[in-house]
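Sequential numbering from 1 along the given sequence is applied to the chain's residues. Keep in mind the model is a prediction, meaning the values are calculated, not measured.
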Amino acid sequence: MKDADQITNLLEAAKAVLEEDIIPSLPNRKRLNALLVGKALSIALNTTYQMVRQGRNEPDKNNKVLSNQIRSGVYDESLTGEITTILSQNVDERLEATTPDFKLHQKFSQHLTS
């Protein structure tokens, strides 16, 4: 996974440079092309996040196991403690995989990270 992490970091850096430095300095007629490149980088990031996530665990299997554990009372009824950390990590992974801008810019105020 080290290679995938390096690819992700490189794509994130390229997207940040494009959005923060290059696009603002372009004349209007060239911004559309740069925005297209930015969209392509977002898609590449999204795909890379999904591949990394699939390589790290088997989400469907883990979600079924976790759901069964919650139903059977493995965790306390108020769902505090260890389960909070597990669920928070799950949400973070899903946001990272589906919304690259979340990780890059922390744009979504509804989600509070620890």
Side-chain angles (χ1 to χ4, degrees):
M1 286 302 139
K2 187 176 181 180
D3 290 337
D5 290 337
Q6 289 176 342
I7 291 168
T8 301
N9 290 339
L10 183 59
L11 288 170
E12 288 172 349
K15 189 168 187 284
V17 168
L18 180 69
E19 290 177 347
E20 296 167 14
D21 296 333
I22 296 173
I23 291 175
S25 66
L26 290 174
N28 286 337
R29 68 184 195 290
K30 295 201 177 203
R31 283 189 187 174
L32 184 60
N33 291 337
L35 290 170
L36 177 66
V37 171
K39 190 65 171 170
L41 285 172
S42 290
I43 291 168
L45 272 170
N46 185 17
T47 302
T48 305
Y49 288 144
Q50 289 176 354
M51 289 171 38
V52 168
R53 184 169 178 245
Q54 287 173 356
R56 288 186 179 153
N57 59 29
E58 298 171 299
D60 290 337
K61 181 180 175 185
N62 290 342
N63 286 340
K64 288 179 183 177
V65 170
L66 184 60
S67 296
N68 289 335
Q69 288 174 337
I70 291 170
R71 280 189 207 94
S72 66
V74 171
Y75 301 100
D76 61 62
E77 288 183 18
S78 63
L79 295 178
T80 59
E82 180 186 7
I83 189 65
T84 303
T85 303
I86 293 168
L87 292 173
S88 179
Q89 182 178 355
N90 189 305
V91 168
D92 286 343
E93 288 174 0
R94 288 172 185 256
L95 280 170
E96 183 177 326
T98 60
T99 314
D101 283 341
F102 169 77
K103 183 175 188 216
L104 211 68
H105 302 294
Q106 300 292 309
K107 286 185 175 177
F108 303 98
S109 62
Q110 298 89 333
H111 180 72
L112 303 174
T113 57
S114 52

Inset, instruction - Report the residues that fulfil side chain to side chain contact (heavy atoms under 4.5 Å, CB included) with L10, sequence neighbours left out, ordered by chain and then residue number. - result: none
Inset, instruction - List in chain and number order the residues that pass side chain to side chain contact (heavy atoms under 4.5 Å, CB included) with P24, two or more places apart in sequence or in another chain; answer none if no residue qualifies. - result: none
Inset, instruction - Measure the OG-NZ distance between S25 and K30 for me, rounded to the nearest 0.5 Å. - result: 11.0 Å
Inset, instruction - With rounding to the nearest 0.5 Å, note down the distance linking OG1 in T8 to CG in L45. - result: 6.5 Å
Legend entry - From L36 atom CG to R31 atom CZ, the distance as rounded to the nearest 0.5 Å: 15.5 Å
Inset, instruction - Could you tell me whether the side chain of N46 and the main chain of S42 form a donor-acceptor pair under 3.5 Å? - result: no
Inset, instruction - Under the side chain to side chain donor-acceptor pair (under 3.5 Å) rule, collect the residues that match up with Q89, sequence neighbours excluded. - result: E93
Inset, instruction - From the options K15, E12, E19, select the one residue that forms a side chain to side chain contact (heavy atoms under 4.5 Å, CB included) with L41. - result: K15
Legend entry - Test side chain to side chain contact (heavy atoms under 4.5 Å, CB included) applied to Q69 - qualifying residues, sequence neighbours left out: V65, L66, V74, Y75
Legend entry - Residue list, side chain to side chain donor-acceptor pair (under 3.5 Å) with D21, at least two apart or on another chain: none
Inset, instruction - Please identify each residue that fulfils side chain to side chain contact (heavy atoms under 4.5 Å, CB included) with A44, with sequence neighbours left out. - result: L11
Inset, instruction - Could you tell me whether a side-chain N or O of T47 sits under 3.5 Å from a main-chain N or O of I43, the two making a donor and an acceptor? - result: yes
